[in-house]
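Reviewing the structure listed below.
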Protein chains: 2
Amino acid sequence: MNKNAKVSEKTLKKVQDAMDQLGYRPNAIAQSLASNRSNSVGILVSELHGPFYGSMLSGIEAELRGSQKHAIIAAGHSEEETEKEGIEFLISRRCDALILHVEAVSDEYLVDLVKNEVPIVLINRFIPAIADNCISLNNELGGYLAAKAILEQGHKEVAYISGPNWKMDASDRLKGHKKALQEFNVTYNPKLTYEGDYQEVGGSDGLEYLLNSKQPFTAVICANDEMASGAMTFAREHRISIPKELSIIGFDNIILAQYIYPKLTTIDYPIKQMGQMAARWILKNTFKQTDLEVKNVFEPKLITRDSILAH
Amino acid sequence: MNKNAKVSEKTLKKVQDAMDQLGYRPNAIAQSLASNRSNSVGILVSELHGPFYGSMLSGIEAELRGSQKHAIIAAGHSEEETEKEGIEFLISRRCDALILHVEAVSDEYLVDLVKNEVPIVLINRFIPAIADNCISLNNELGGYLAAKAILEQGHKEVAYISGPNWKMDASDRLKGHKKALQEFNVTYNPKLTYEGDYQEVGGSDGLEYLLNSKQPFTAVICANDEMASGAMTFAREHRISIPKELSIIGFDNIILAQYIYPKLTTIDYPIKQMGQMAARWILKNTFKQTDLEVKNVFEPKLITRDSILAH
DNA sequence: TTGTAAGCGTTATCAA
DNA sequence: TTGATAACGCTTACAA
């Protein structure tokens, strides 16, 4: 039945006929117990809602189901304890492998985890010691591209609304940002930088802070789309016309970016493909589908829309 | 260990000490095989991405995990075949129960399904024959509330952009809409109705169609937020000021509604709570947590923001 | 209150 | 190529 052993055509048919007649359905649980494979992969994300994780789950589920594996989900809410509990929960469920999108847990914890029995893939996080287990975006390049897009339009005074500095992706994006400034001979002005929270409120608070700083600027680069949206709202409420008086660029290219007005120019984060790739990593490494190609780091790219104007 | 049998304190302690010392972890799969319970519930949604399903999953996961059950996910993509396959898949995975958000599959199919072995809850769908298995929103009331909000502001000529007529929720919303018109002595004008697709494009196409119809109107009611957003974009591109020249109201209260400008007045769809309730239904009926209260139909309510003005 | 043993429905091994 | 049988790690019923 499982087409592994060598069976004659005749017996095969006999077996299949019998299956049909009896309405036989293999018991996946008994199979799991006997084979020591649950055929499930556990997925831990920060939040189940939100534009980002949905796309990721979507990519993972499609890839997994194509191979008859199932996805078990859990939320970590960006809190260390909850994330650890979630991981524990999934392991106790006997998942054959885990896909983790965790933020609060430490690098060391993850490095230890990888040494364990169950295979692990990390999404949106790069830890050199376990580089092969990481599927990540080149955030530095993304930060660079965003700044370049602004600088190429002639802006010389550009503000930056960053993500939380402790988050790796936020600091990488800022690093790329600075690199681009240097390349264009624009000196980086710390007074024109605000540390946001990756939420809408960080964007509005950020723009307010920047405006109050009395430093002139003609463009603001936001480390993600939600903050860009917040900044846009704040600008509108204060009668600053975008992009005429102020250019704005975001990061992530979440669906929202096309809905707001003006349509937001941003950096594309191919999260769905990365989810798919994480699933593929597992298919290859855990389920031995050796023919699959796996790519560990993805490149962001510029999506040009309407929120930037030449200066 | 499972604290069901009567065991003396002493033995209990002895057992737990032994567990700690040996680092014993029960094997969930063996438990499942022996007890004929997988402790999993399968969840089928149309799409994993999108603002709607994420909230729903979020509600379900939280409720389930509190009881040590896990959620297995699958996507149905609003296509009959895929939905059926998804259900098959989840059943073959031996889920103890299923939560379904399906659109393409017929009522009869679902009624038959409910007669089967595995317990089923339907979200966002009401089928009288299996009313107890349905967790749904009073869409008619929602349609009524939306229209009422507009009519109370003095609008007499109101256009309507509907969802696909074959979808139950769309026709219910329209029914409520008509009821409100009647109550306010406004005659329903079929020429001011457009059948959209619940997507952004349906909203822009819809507004274009309505404008071309040469029938005057001062407000447009959209059967969901995405279409409202599309209509708003179209209006802006054609220099129609919202809400000054045209009032718009949406439905669903997805996160987007707060992000767009002007902030969208809409009808709240408590999808997260409904997801939670679906999970609770299962906890109660399948896992015998009899103390839980279950509510089958939810009431929508008006969320007032900035897209409506008195006429 | 404690101990014992027969399943649960497969996979995998080995002999025929 | 086929058939028989011992795991897999639990739950549960029953005996002690």
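Proteins come first, then strands; the chains are lettered A, B, ... in the order of their sequence lines, and each starts at number 1.
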Does B:Trp281 reach the main-chain N or O of B:Asp132 with its side chain, forming a donor-acceptor pair under 3.5 Å? yes

Side-chain donor-acceptor contact under 3.5 Å, B:Glu47 with A:Ser58: no

Overall bend - the helix from C:dT1-D:dA16 to C:dA16-D:dT1, comparing terminal axes fitted on five pairs, nearest 10 degrees: 40°

So, does A:Glu299 use its side chain to make a donor-acceptor pair with the main chain of A:Leu137 at under 3.5 Å? no

Pairs flagged by ring-ring contact (aromatic ring centres under 6.0 Å, His included) wherever residues 79-128 of chain A is involved - sequence neighbours left out: A:Tyr53-A:His101

Considering heavy-atom distances to DNA chain C, does B:Ala34 or A:Ser35 have its closest nucleotide positioned more toward the 5' end? B:Ala34

Is there a donor-acceptor contact under 3.5 Å linking the side chains of A:Asp172 and A:Asn139? no

Grab the CE-P distance between B:Met19 and D:dG9 for me, whole Å please. 16 Å

Report the distance from atom CG of B:Asn39 to atom P of C:dC8, rounded to the nearest whole Å. 19 Å

Starting at NZ of B:Lys13 and ending at P of C:dT1, how long is that distance when rounded to a whole Å? 18 Å

Could you tell me the separation between the CZ atom of B:Arg37 and the C1' atom of D:dT11, rounded to a whole number of Å? 13 Å

Write down the distance between CG (B:Asn36) and C1' (C:dA6), rounded to a whole number of angstrom. 16 Å

May I ask you to decide if A:Ala223's main-chain N or O and A:Arg173's side chain share a donor-acceptor pair within less than 3.5 Å? yes

Taking the six-membered ring for Trp, are A:Phe298 and A:Tyr269 closer than 6.0 Å centroid to centroid? no

With a distance cut-off below 6.0 Å to the six-membered ring centre and an angular limit of 45° from the axis, does A:Lys284 pair with A:Phe287 as a cation-pi contact? no

Starting at CG of B:Leu33 and ending at C1' of C:dG7, how long is that distance when rounded to a whole Å? 9 Å

Near DNA chain D, under 4.0 Å by heavy atom, which residues of residues 21-32 of chain A? none

